[in-house]
Amino acid sequence: MPGCFKKTWFGLASLLSFSSFLLIIIAVAVPKWTSGKILCQTGVDLVNATDPELVKFIGDIYYGLFRGCKVRQCGLGGRHSRFTIFPHMVKQLNTGLHVMILIFLFVAMALALVSMGFAILNMTKVPYRAVNGPAGICLWNVLAGSVVALAIGSFMAAVKFHDLTDRIANFQEKIFQFVVLEEQYEESFWICVASATAHAANLLVVAISQIPLPEIKTKIEEATVTAEDILY
């Protein structure tokens, strides 16, 4: 059985792995990966709007991996519209890249659970095989963190190099043309980053658990027997 010191740190490792699992679920479910400001260029051109009037033509947009919302401002007030990425919009995006991001995140969830299982195993007993011990925990955390990092990098590539926000803003727009003025990453994106950070922290936790503690030795006093004790 592992000592109390190791049990504590392995318990913390399992908690971090489970937290990473929950964080990925939240990141996938909440449609707040990116938000931005969109300008109705068609409306601006029709009325030949000047700088003070441009505010009337600037709307908002935010979206996640499955759905989002857009506020169109084309001079007649804001019009809210909700949209879903699947099954039609994804065909106008980089379909392979978008599906790859989802696959990475689902694989990361599975790896996070495996990492948690290995941590619980090491908390309850000392495995016979080294691959099932602390080295195994580190291996699964490295894999899980790397897959989450790949998902984050793929999403950033979709936003920066494949004009993801622009494609979503102009999806099925036959009359109006929208231009993305600014965009920024939102809560779900940073929650995903926190998930990868949890796996990195797990490596530190496992390393700390392997620090050998000094053994406390109790000094045994030798009993001295005298001649008087024998006579007694």
Side-chain angles (χ1 to χ4, degrees), residues 19-45 57-74 76 78-114 143-199:
S19 299
S20 174
F21 171 76
L22 293 179
L23 288 173
I24 296 174
I25 291 179
I26 295 172
V28 171
V30 177
K32 274 293 187 77
W33 279 69
T34 306
S35 66
K37 298 289 185 181
I38 52 175
L39 175 69
C40 181
Q41 188 63 51
T42 306
V44 172
D45 295 338
F57 297 93
I58 297 177
D60 301 293
I61 187 172
Y62 67 85
Y63 57 89
L65 299 178
F66 291 99
R67 63 188 187 276
C69 180
K70 179 172 67 174
V71 180
R72 299 168 55 183
Q73 293 280 5
C74 294
L76 300 175
R79 294 179 58 188
H80 291 73
S81 61
R82 298 187 181 276
F83 54 84
T84 55
I85 304 295
F86 294 93
H88 302 297
M89 184 183 290
V90 71
K91 298 176 182 178
Q92 302 297 322
L93 310 178
N94 191 319
T95 307
L97 186 59
H98 197 83
V99 172
M100 191 181 300
I101 294 169
L102 291 173
I103 292 174
F104 282 149
L105 291 175
F106 289 135
V107 170
M109 283 191 283
L111 293 174
L113 290 179
V114 173
L143 291 175
S146 299
V147 173
V148 176
L150 285 173
I152 294 170
S154 299
F155 183 78
M156 294 175 67
V159 173
K160 297 298 181 183
F161 303 116
H162 295 274
D163 302 322
L164 183 61
T165 307
D166 183 76
R167 294 188 184 193
I168 292 176
N170 289 288
F171 178 70
Q172 290 185 341
E173 291 289 349
K174 299 179 180 179
I175 299 176
F176 297 103
Q177 180 71 26
F178 292 91
V179 176
V180 179
L181 298 180
E182 63 180 50
E183 54 190 354
Q184 59 186 7
Y185 300 114
E186 291 293 339
E187 300 94 77
S188 295
F189 176 86
W190 297 113
I191 288 174
C192 208
V193 173
S195 171
T197 306
H199 288 293

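Residue numbers run from 1 in the order of the sequence given.
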Heavy-atom closest pair, residues [X] and [Y]:
X      : Y      : result
Phe171 : Gln92  : CE1-CG, 3.4 Å
Gly78  : Val71  : CA-CG1, 4.2 Å
Ile191 : Ala27  : CG2-CB, 4.1 Å
Ser154 : Ile101 : CB-CG1, 3.6 Å
Leu97  : Ala158 : CD2-CB, 3.6 Å
Ser195 : Val148 : OG-CG2, 4.1 Å

Are any of the side-chain heavy atoms of [X] and [Y] separated by less than 4.5 Å?
X      : Y      : answer
Ile61  : Cys69  : no
Ile38  : Ile58  : no
Ile168 : Met89  : yes
Phe66  : Pro31  : no
Thr34  : Thr165 : yes
Arg72  : Glu173 : yes
Phe189 : Met156 : yes
Tyr185 : Val159 : yes

Report the distance from atom [atom1] of [X] to atom [atom2] of [Y], rounding to the nearest 0.5 Å.
X      : Y      : atom1 : atom2 : value
Leu164 : Glu183 : CG    : CD    : 8.0 Å
Ser146 : Phe104 : OG    : CZ    : 10.5 Å
Tyr62  : Glu187 : OH    : CD    : 10.5 Å
Phe21  : Ile26  : CZ    : CD1   : 10.5 Å
Asn94  : Met100 : CG    : CE    : 8.5 Å

**Request:** With side-chain contact (heavy atoms from CB on, under 4.5 Å) as the test, would you mind laying out the steps for Gln73 and Cys40 before giving the verdict?
**Result:** CA-CA 7 Å; Gln73 293 280 5; Cys40 181; 5.9 Å; no

**Prompt:** Counting distance only, does the side-chain N/O of Thr84 pair as donor-acceptor with the main-chain N or O of Arg67 below 3.5 Å?
**Reply:**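 Judged by distance alone, no pair lies under 3.5 Å.
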
**Request:** Look at the side chain of Ser20 and the backbone N and O of Ala112, then say whether any donor-acceptor pair between them is shorter than 3.5 Å.
**Result:**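 Not at all, since once roles are kept as given, no pair shorter than 3.5 Å links the two residues.
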
**Item:** Listed partners of Asp163 passing salt bridge (charged side-chain N to carboxylate O under 4.0 Å, His left out), at least two apart
**Value:**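 By the salt bridge (charged side-chain N to carboxylate O under 4.0 Å, His left out) rule, Asp163 matches no residue at all.
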
**Item:** Salt bridge Asp60-Lys37, side-chain N to carboxylate O under 4.0 Å
**Value:**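 The answer is yes: the pair qualifies as a salt bridge.
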
**Request:** Flag the pair His98 / Phe86 as yes when their ring centroid distance falls below 6.0 Å, and as no otherwise.
**Result:**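 Distance test on ring centres: under 6.0 Å, yes.
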
**Prompt:** With a 6.0 Å cut-off on ring centres, are Trp33 and Phe155 close enough?
**Reply:**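 They qualify: ring centres under 6.0 Å apart.
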
**Message:** Can you classify the ring geometry of Phe178 versus Phe176 as parallel (below 30°), tilted (30 to 60°) or perpendicular (above 60°)?
**Reply:**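 Phe178 and Phe176: tilted rings.
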
**Asked** Yes or no on side-chain contact (heavy atoms from CB on, under 4.5 Å) for Leu65 and Leu105, after CA distance, side-chain angles and deciding distance?
**Response** CA-CA 11 Å; Leu65 299 178; Leu105 291 175; 3.5 Å; yes

**Request:** Check step by step if side-chain contact (heavy atoms from CB on, under 4.5 Å) holds for His162 and Leu93.
**Result:** CA-CA 8 Å; His162 295 274; Leu93 310 178; over 6 Å; no

**Request:** Would you please test Gln184 and Ser35 for side-chain contact (heavy atoms from CB on, under 4.5 Å) and show each step?
**Result:** CA-CA 6 Å; Gln184 59 186 7; Ser35 66; 3.6 Å; yes

